[in-house]
There are 2 protein chains.
Amino acid sequence: MPAASETTTKDRILDVAQQLVQARGFSGFSYADIAAKVGIRKASIHHHFATKGVLGAELMARYRTDFGRALQSIEKSGGGSRSKLRKYGRLFVDVLRDGHRMCLCGMLAADFDALPKSVRTEVSGFFDDNETWLTRVLETGRAEGDLSFTGPVEVQAQVILAALEGAMLVARSYRNVKLFEAVAQRVLAGVGA
Amino acid sequence: MPAASETTTKDRILDVAQQLVQARGFSGFSYADIAAKVGIRKASIHHHFATKGVLGAELMARYRTDFGRALQSIEKSGGGSRSKLRKYGRLFVDVLRDGHRMCLCGMLAADFDALPKSVRTEVSGFFDDNETWLTRVLETGRAEGDLSFTGPVEVQAQVILAALEGAMLVARSYRNVKLFEAVAQRVLAGVGA
DNA sequence: GTCTATAAGATGATAGAC
DNA sequence: GTCTATCATCTTATAGAC
């Protein structure tokens, strides 16, 4: 098990592939693109990821793991439910700020019909993870009086997730991070955060 | 000028191309795909649309026109601001219901970095159209006491647009129209509709 | 306006040497 | 683990006959 700071070729491939997917979609990049940016040959990428489907699935799996860790970190950071939701929102802005990229999962959700089945599973799984986490935070927040909203918690969670993904989509086409921030702030204000 | 019911080859190409983009993204389909579905040869498509960029731009231009007409129709249909917003939401559900397609513009917004400039312009233009229309409805609705919400009207308009686009994205990956409907209803309820 | 034929390059993927 | 070489296929696009 390599140290966290160590960067293997496999990781560098995933890093480059992820940026390409987030910018151009699953059908919008090729092994040649990755090879050029990493500084290796196409065949070497196939050594690490036999097919594009495998690459996509491992990409999403890593993203889910990383995102899960980020959510855990928010959990442990203390602070109330409002603070947690605001930190959750920051997870999305950070991606948008760094090169106007789309959320990896949001991008692959758009490409859903063009994805291998193994990648599709990871995409729905990511959304599940987010809805589960948001539902828990919203539930706790309401119980403790920190948050207030009407209707089922699950729907509120879906509203927040959908609004953030959609705001990334729209803001990206304007290259306007402020638009995202305004939408995120307004949506979170809607539950009292 | 052909009658509305008449279907030219050019229109049939656009129809098929639109469905393909909405399902697989701009990089996820080819002239060969269109040719097979329309029942003509690739060269014939190039006769009508010299390049894929031209096809994309004309596709979005038609979509904007059609959508604009739909918004005008809502305008003329009478009813209050609440009713108008609900009809606006129905525009999106209908697309999702018909083959779990993504909004053409939302899909192209995801593909933004892979688009020719002429298509990009149309994408931002579509979002402009929507925000302008929503802003007007929200403003009128608030003035007449039909709707109520806090903060700038433009931000509310962006929230609604973002939430609907994002809800399509998420719902599509679950093949779950009800998820979209729940989110749409909740978001519109947030402004009193 | 549609066709056949063809081009030039990209694409995902494999075989086998080092 | 990375490379060269190669493959079959697909991609966008053009030329020119009908």
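First the proteins, then the strands, lettered A, B, ... as listed; each starts at 1.
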Salt bridge (charged side-chain N to carboxylate O under 4.0 Å, His left out), paired with D113(A), selected from R24(B), R101(B), R172(B): R172(B)
CD (Q185(A)) with more than 12 external heavy atoms under 6.0 Å: no
OP1 or OP2 of dG1(D) under 4.0 Å from side-chain N/O of T9(A): no
Separation of dT2(D) C1' from I13(A) CD1 (nearest whole Å): 11 Å
Separation of atom CZ in R41(B) from atom C1' in dC3(C), rounded to whole Å: 8 Å
Member of R62(A), K10(A), K37(A) meeting the salt bridge (charged side-chain N to carboxylate O under 4.0 Å, His left out) criterion with D15(A): R62(A)
R186(A) and T150(B): side chain donor to acceptor below 3.5 Å: yes
Contact pattern, 5' to 3', of nucleotides 11-18 of chain C - B, S or - by protein heavy atom under 4.0 Å: SBBBB---
Residues which pass side chain to side chain donor-acceptor pair (under 3.5 Å) with D129(B), listed by chain and number, not counting sequence neighbours: R64(B)
Between P of dG1(C) and CD1 of I40(B), the distance in whole Å: 12 Å
Qualifying ring-ring contact (aromatic ring centres under 6.0 Å, His included) pairs, either residue in residues 103-147 of chain B, two or more places apart: Y63(B)-F126(B), F67(B)-F126(B), Y88(B)-W133(B)
N or O in side chain of H47(A) less than 4.0 angstrom from dG1(D) OP1/OP2: yes
Interatomic distance, I34(A) CD1 vs dA10(C) P [rounded to whole Å]: 16 Å
Distance in angstrom units between K10(B) NZ and dT2(C) P, rounded: 12 Å
